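Right, one structure below, let's go through it.
The chain is numbered in sequence order, starting from 1. Everything numeric here is computed off the predicted structure, so don't read it as measured data.
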Amino acid sequence: MMMMFKGNSPLVAGGSTVTDHIEWVATMMNLQNSIGSTWGKWDLHVHTPCSIVQNYGGNSDDVWEAFITDLEKLPPEFKVIGINDYIFVDGYERVLKEKKERGRLKNIDLILPVIELRLDKFAGVVKRGMDGSYSKSDWNRINLHVIFDQLNPEVIRQQFINALVQRYHLIPEADQFKGKWQAVITPDSLTQLGEMIIDAAPADKRGDYDNPLQEGFNNLCISLDAVLKALELHVLENRYLLAVGKTEWENMKWDDQSIAEKRNIINRVDLVFTASENPDTYNAVKKKLIESNVLSKLLDCSDAHALSSTDHKDRIGQCFTWIKAYPTFAGLQHAIAEFDQRIFVGDAPAKRLLVASNRTKYASTITIKKKAGSSLKDTWFDVQVPLNHDLVAIIGNKGSGKSALAD
């Protein structure tokens, strides 16, 4: 038997945990040539041309082609993306179709659907004018993100979005329509709501509004309790995570009337989302969360609304989050549970930098094959074993070859 290391020296021990070994063994048993948990970039907040608000240039086939091509040009470290098109999953559905039916996005290992909602808690103050109207610029709804496992888009529509029908309410500007507008949440119904709101405004103010679909969405708010109630269905059990938008949450005032609710919202979710210009900005935000004694499991996401070639801050690829997990929803859950060990936000995790600067000291693959002319017929002698740079143990039954492999 002949063993060959890809590299010039034996394997160097790393610093993984017992769970790494368990995950590695399970992966090797189920997925051929898998290397297990490794560091990769995860961007869980990417909008598509289907999004209610986006800067891609519309929702045409040409725009979609540019969008998919841009995702395919992401650096190789990008492994997972979350498609986050506000309250709908049309964009997620199309991205899945591009990958599964057309063979696109081979560079992305996992695509997750993310629903973005506006909670019925306001950051700032809602001001009422002398004419009875409300000032739009003075309120900012809290953004809640529901990160789902790889569910069928229709399951999300039927079991979650439709379950919200009786649970939403409208912001003060649209209160007058409570008895007139009650509908399943669809692009058409939200557009109708937006049209009603705009038509009810003074003629000289209508030009200040966004398009009807965006106005309908902006005026639709849901309580956190209602979202949690809608997620109680068995088909959704343990198949979602919640994240709150840092910016909108931070804008809530720390005063006697809102301090309890401000803490309640952030401490009832699993993650906090931010879109940082650089790692230093991220670190400053995380420090403030820690000092406020609230949930500080902060992920940096691109919040992409534009192509990577633009100078827009929220563009494809503008993400600094690295996660050490197998690219699955369960891997994300695992990483959150061990946040400090498995999530890094910055240019590159320390282990990747260490390996890059000491390439001859880390083996990435072991090839085991017969010597030329061998008469052995055992097929297992022709294998290639990928190695994780954090591997610290070789396990197996007595006599199974552990010592030979280590030698």
>> Tell me if a side-chain donor or acceptor on Tyr282 pairs with a main-chain N or O of Leu298 at a distance below 3.5 Å.
In response: yes

> Excluding sequence neighbours, so at least two apart, what forms ring pair (Phe, Tyr, Trp, His ring centres under 6.0 Å) with Phe329?
Replying inline: none

>> I want to check something: taking the side chain as every heavy atom from C-beta on, are Val244 and Leu295 in contact at a cut-off of under 4.5 Å?
In response: no

> Are a donor atom and an acceptor atom from the side chains of Thr281 and Asn278 found within less than 3.5 Å of each other?
Replying inline: yes

> Has the side chain of Gln318 got a donor or acceptor atom that lies under 3.5 Å from a matching backbone atom of Glu277?
Replying inline: yes

> Just by modelled atom types, is the Pro349 backbone N or O under 3.5 Å from a matching donor or acceptor in the Arg352 side chain?
Replying inline: no

> Can you tell me if Arg118 uses its side chain to pair, donor with acceptor, with the backbone of Cys221 under 3.5 Å?
Replying inline: no

> Does the salt bridge (charged side-chain N to carboxylate O under 4.0 Å, His left out) test come out yes or no for Asp70 and Arg315, once each step is laid out?
Replying inline: CA-CA 10 Å; Asp70 209 20; Arg315 63 186 184 273; over 6 Å; no

>> Give me the atom names and distance for the closest heavy-atom approach of Leu193 to Gly216.
In response: CD2-O, 3.7 Å

> What pairs meet the salt bridge (Lys or Arg N to Asp or Glu O under 4.0 Å) rule with one or both residues in residues 285-313, with sequence neighbours excluded?
Replying inline: Glu250-Lys288

> Would a line drawn from the ring center of Phe160 to the ring center of Phe148 be shorter than 6.0 Å?
Replying inline: yes

>> Does any part of the side chain of Asp347, heavy atoms only, come nearer than 4.5 Å to the side chain of Phe320, both counted from C-beta?
In response: yes

> How about Leu44 and Val80: do any of their side-chain heavy atoms sit closer than 4.5 Å?
Replying inline: yes

>> Between Leu242 and Leu231, is there a side-chain heavy-atom distance shorter than 4.5 Å?
In response: yes

> Is a side-chain N or O of Ser302 found less than 3.5 angstrom from the main chain of His45, in a donor-acceptor match?
Replying inline: yes

> Between atom CD1 of Ile81 and atom CG of Asp43, what is the distance when rounded to the nearest 0.5 Å?
Replying inline: 8.0 Å

> Say you draw a straight line from CD1 of Ile222 to CD1 of Ile185; how long is it, rounded to the nearest 0.5 Å?
Replying inline: 5.0 Å

>> Apply side chain to side chain contact (heavy atoms under 4.5 Å, CB included) to residues Ile366 and Gln384 and explain how you reach the verdict.
In response: CA-CA 6 Å; Ile366 295 177; Gln384 188 175 64; over 6 Å; no

> Between Asp210 and Glu215, which heavy-atom pair has the shortest distance, and what is it?
Replying inline: N-OE2, 2.9 Å

> Can you tell me how far NZ of Lys205 sits from CD1 of Ile198, rounded to the nearest 0.5 angstrom?
Replying inline: 15.0 Å

> How far does CG of Asp314 sit from CG of Asn55, to the nearest 0.5 angstrom?
Replying inline: 9.0 Å

> Can you list the steps and then say if Asp270 with Ile147 is a side chain to side chain contact (heavy atoms under 4.5 Å, CB included)?
Replying inline: CA-CA 10 Å; Asp270 304 288; Ile147 309 159; over 6 Å; no

>> Could you check whether any side-chain heavy atom of Leu71 comes within less than 4.5 Å of a side-chain heavy atom of Glu98, counting everything from C-beta outward?
In response: no

>> Please tell me whether Asn264 and Glu261 have a donor and an acceptor in their side chains that are separated by less than 3.5 angstrom.
In response: yes

> Would the number of heavy atoms belonging to other residues, nucleotides or ligands and lying under 6.0 Å from CG of Asn397 be above 12?
Replying inline: no

>> If the condition is side chain to side chain donor-acceptor pair (under 3.5 Å), which residues does Glu101 pass it with, not counting sequence neighbours?
In response: none

> Between atom CZ of Arg157 and atom CG of Leu151, what is the distance when rounded to the nearest 0.5 Å?
Replying inline: 12.5 Å

> Is Trp42 reaching over with its side chain to a backbone N or O of Thr321, donor-acceptor style, under 3.5 angstrom?
Replying inline: no

> Is the backbone N or O of Gln214 less than 3.5 Å from a side-chain atom of Asn211, with the two atoms forming a donor-acceptor pair by type?
Replying inline: yes

> Is the charged tip of Lys262 near the ring of Trp249: under 6.0 Å from the six-membered ring centre and within 45° of its axis?
Replying inline: yes

> Which value, rounded to the nearest 0.5 Å, describes the distance between Lys41 atom NZ and Ile108 atom CD1?
Replying inline: 12.0 Å

>> Is a donor from one side chain sitting under 3.5 angstrom from an acceptor on the other, for Asn238 and Gln333?
In response: yes

> Is there a side-chain contact between Glu77 and Trp322, using heavy atoms and a 4.5 Å cut-off?
Replying inline: yes

> Side chains of Ile115 and Tyr240: closer than 4.5 Å at any heavy-atom pair?
Replying inline: no

>> Suppose the criterion is ring pair (Phe, Tyr, Trp, His ring centres under 6.0 Å): which pairs have a residue in residues 78-98, not counting sequence neighbours?
In response: His47-Tyr86, Tyr86-Phe217

> Between the main-chain N or O of Ser292 and the side-chain N or O of Arg263, is there a donor-acceptor pair closer than 3.5 Å?
Replying inline: yes

> What are the two closest non-hydrogen atoms of Ala230 and Ala163, and how far apart are they?
Replying inline: CB-CB, 4.0 Å

> Just checking, is any N or O donor in the side chain of Glu65 or Thr69 under 3.5 Å from an acceptor N or O on the other one?
Replying inline: yes

> Would you say Glu116's side chain and His145's backbone share a donor-acceptor pair under 3.5 angstrom?
Replying inline: no

> Quick one: does Ser276's side chain have a donor or acceptor within less than 3.5 Å of a partner on Pro279's backbone?
Replying inline: no

> Quick one: salt bridge (Lys or Arg N to Asp or Glu O under 4.0 Å) partners of Asp61, sequence neighbours excluded?
Replying inline: Arg94

>> Quick one, Asp85 with Asp90, criterion side chain to side chain contact (heavy atoms under 4.5 Å, CB included). Give me CA distance, side-chain angles, the key distance, then yes/no.
In response: CA-CA 8 Å; Asp85 282 345; Asp90 302 63; over 6 Å; no

>> Which residues pass the ring pair (Phe, Tyr, Trp, His ring centres under 6.0 Å) test with Trp64, not counting sequence neighbours?
In response: Phe67

> If you take all heavy atoms of Gln159 and Leu236, which pair is closest and at what distance?
Replying inline: O-CD1, 4.1 Å

> What is the minimum heavy-atom distance between Asn59 and Gln54, and which atoms define it?
Replying inline: N-NE2, 4.5 Å

> Can you name the closest pair of heavy atoms from Ile83 and Gly91 and give their distance?
Replying inline: CG2-C, 3.9 Å

> Hey, mind stepping through Met252 and Ile265 against side chain to side chain contact (heavy atoms under 4.5 Å, CB included) and telling me if it holds?
Replying inline: CA-CA 11 Å; Met252 286 185 73; Ile265 289 174; 4.2 Å; yes

